[in-house]
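Worksheet: the structure to be examined is printed underneath.
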Amino acid sequence: QVQLVESGGGLVQPGGSLRLSCAATGHNLDYVAVAWFRQAPGKEREGVSCINREDPTTWYRDSVKGRFTISRDSAKNAVYLQMNNLKPEDTAVYFCTAHDGRLYGDMWYQYERYDWWGQGTQVTVSS
């Protein structure tokens, strides 16, 4: 049984920072592709960032490039999303998800490819 648990969400002012964590049990995250998706009220779930299985390839949606960084900590079996210079449009529930294998090109953006999902953590950017 693979379980993903997100943490680190909260309320932050525009321009602030948060670091989201995704901790896993039941599977070694080094051997899966791990992504962050988000969903705002009334909007579709969208891919934010992904780190591939067993290599340093990462992807980001255009609107977060230069502000967000995804990383992996093998010792803690965790994946992080460092979010800087947050904007009100970043407000959403953020989900950690994993795909049992490697991803290529735009595959990371397709939420139906993922095998396991966390429950989500709320991020609110507001003054």
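Starting from 1, each residue takes its place in the sequence as its number.
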Shortest non-hydrogen contact between Ile51 and Ile70, atoms and distance: N-CD1, 3.7 Å
Sidechain-backbone polar pair: Arg67 side chain, Asn85 backbone, donor-acceptor under 3.5 Å: yes
Which atom of Trp117 lies closest to which atom of Tyr111, heavy atoms considered: CZ2-O, 3.5 Å
Shortest non-hydrogen contact between Cys96 and Val34, atoms and distance: SG-CG1, 3.9 Å
Asn84 side chain vs Ser17 backbone, donor-acceptor pair below 3.5 Å: no
NZ/NE/NH1/NH2 to OD/OE distance under 4.0 Å, Asp62 and Lys65: yes
Check: Lys87 main-chain N/O paired with Asp90 side-chain donor or acceptor under 3.5 Å: yes
Asn52 side chain to Ala33 backbone, donor-acceptor under 3.5 Å: no
Non-hydrogen atoms of Trp116 and Leu4 that approach each other most closely: O-CD1, 3.6 Å
Beyond-backbone contact of Thr69 with Leu81, side-chain heavy atoms, under 4.5 angstrom: no
Backbone of Thr25 reached by a side-chain donor or acceptor of Gln3 within 3.5 Å: no
Tyr60 side-chain N/O to Cys50 backbone N/O, donor-acceptor pair under 3.5 Å: no
Asp73 side chain to Val79 backbone, donor-acceptor under 3.5 Å: no
Side chain to side chain contact (heavy atoms under 4.5 Å, CB included) partners for Tyr31, two or more places apart: His27, Asn28, Arg53, Glu54
Over-ring placement of Arg72 relative to Tyr80, 6.0 Å and 45° cut-offs: no
hydrophobic_cluster_shared for Val125 and Val64, side chain cutoff 4.5 Å: yes
For the student: nearest non-hydrogen atoms of Arg38 and Ala92, plus distance: CB-CB, 3.8 Å
Contact check, side chains of Pro14 and Pro88, non-hydrogen atoms, under 4.5 Å: yes
Closest non-hydrogen atom pair, Ala40 against Thr91: CB-O, 3.7 Å
Single-linkage hydrophobic cluster, 4.5 Å side-chain cutoff, Tyr114 and Val32 together: no
Val93 side chain reached by Thr121 side chain, heavy atoms, under 4.5 Å: no
Residue Glu46 excluded, over 12 heavy atoms near CD under 6.0 Å: yes
Parallel, tilted or perpendicular, as decided by the 30° and 60° cut-offs, for the rings of Tyr94 and Phe68: tilted
